[in-house]
Amino acid sequence: MRIEGAHHRSIGLWEDGWAVKVLDQRLLPWEVRWVRLETLDHACAAIADMWVRGAPLIGITAAYGLALALREDASDAALEAASARLSATRPTAINLRWALDRMRAALDPLAPGLRVAAAYARAGELGDEDEALCAAIGGHGLEVLRTLAATRPPGSVLNILTHCNAGWLATVDWGTALAPIYRAHDAGLKLHVWVDETRPRNQGALLTAFELASHGVPHTVISDNAGGLLMQRGQVDAVIVGTDRVAANGDVCNKVGTYLKALAAHDTGVPFYVALPYSTFDPACPDGASIPIEERSGTEQSTLTGPVLEPDLGLEPGRPPRQATVRLTGSPVANPAFDITPARLISAYITERGVGGLEVLRG
Ligand code: MRU
């Protein structure tokens, strides 16, 4: 991933080799602040309060969180308790459990004295694997976009719509839904991305737009309700989204609002792609209705936070802008964070194995 021209990964270790280094994504794009996670409490807070978010990155953060916990106590009981706490931080993305299961498979058989080094090593391997999976998704997705571009008049711009943030900020690097876009842009395909703002936390307007700008990809932020009109007008060539969990029957759970985009895409004949690594497929979950949907705080829905617009005379140059929170409603609110898109609305899944139907998920 590129930030101010330099290459980074979304998660890693600080120079001391043990504290975990992540971006506080709550501050983006207004401030780029890397933070230290030093304890299990830090890791749990980082996931639950969404300093880090996005299914694959949540999983890798949990893996490192387990390593941090074991530094304090590497006994069987502590390992069990730390896994349970990390697992409970967010309910929907299956990658969290996937990563913890892999960590436990490596750590449970070991004597406590060997567990800390093994935990860091395994977390590092899972992070490397995630980066490789996303790079492969990008390669397969590039071919999808090339094929689409070949059906359009020469020189025309391919318009892609995406929802939420499924880019490098949601993974270790590259992203899932955005990886094909980065690969296509780097390969010289003319692209433009419609970025759903993604209420209530605005991951599209804040994070996806930041990523695309950092990579030099032309894009436009739209309100969540604009996509249907753009599709009716022929201004969207494809929709690509990420996912937090895909059930055995192919139903897709992703950020709330995804389903409505899939319905509009189906109605207007726009192809609708879901990009994911195998770590997001949950064969034990029979269908979308069985996936737990996270209900987040109503404050996310009833307020908005951002930089104040009036000149902030008190600030030193280079200091981040002053933020303010305003109220949108005083009425009762509900905030389901994800929804389910039935498999029948999905044109194809883009995975590290290739592009296709349920067979590419099942491997
Ligand atoms: O609540 P968030 O920001 O963690 O939700 C993220 C999404 O819904 C992403 O689309 C999904 O995790 C896929 S990330 C590659």
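One-based numbering, in listed order, for ligands and for the atoms of each. The analysis underlying the following values was restricted to heavy atoms, covering all of them including side chains, and did not include hydrogens, waters or symmetry mates.
Taking the centre and axis of the six-membered ring of W18, the NZ or CZ atom of R36 falls inside the cone set by 45° and 6.0 Å.
Although no hydrogens or angles enter the test, the distance criterion places no donor-acceptor pair under 3.5 Å between the side chain of D282 and the main chain of I94.
Using bins of under 30°, 30° to 60° and over 60° for the plane-to-plane angle, the ring pair H215/Y182 lands in the tilted bin. The aromatic rings of Y120 and Y64 are tilted relative to each other, their planes meeting at an angle between 30° and 60°.
By the neighbour-count criterion of 12 heavy atoms within 6.0 Å, atom CD of E4 is sparsely surrounded, having that number or fewer from other residues, nucleotides or ligands.
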Pairs of nitrogen or oxygen atoms, one from ligand 1 and one from the protein, closer than 3.5 Å: please tabulate them with distances.
| unit_1 | atom_1 | unit_2 | atom_2 | d |
| --- | --- | --- | --- | --- |
| ligand 1 | 1 (O) | R90 | NH2 | 2.8 |
| ligand 1 | 1 (O) | K255 | NZ | 2.7 |
| ligand 1 | 3 (O) | R53 | NE | 2.9 |
| ligand 1 | 3 (O) | R53 | NH2 | 3.2 |
| ligand 1 | 3 (O) | Q203 | NE2 | 2.9 |
| ligand 1 | 4 (O) | G54 | N | 2.9 |
| ligand 1 | 4 (O) | R90 | NH1 | 2.8 |
| ligand 1 | 8 (O) | D244 | OD1 | 2.9 |
| ligand 1 | 8 (O) | N254 | OD1 | 3.1 |
| ligand 1 | 8 (O) | K255 | N | 3.4 |
| ligand 1 | 10 (O) | N254 | OD1 | 2.7 |
| ligand 1 | 12 (O) | A55 | N | 2.9 |
| ligand 1 | 12 (O) | D244 | OD1 | 3.2 |
| ligand 1 | 12 (O) | D244 | OD2 | 2.9 |

* Asked: Under the salt bridge (Lys or Arg N to Asp or Glu O under 4.0 Å) criterion, do D128 and R9 qualify, and how do the steps go?
  -> CA-CA 10 Å; D128 290 346; R9 287 168 125 204; 2.8 Å; yes

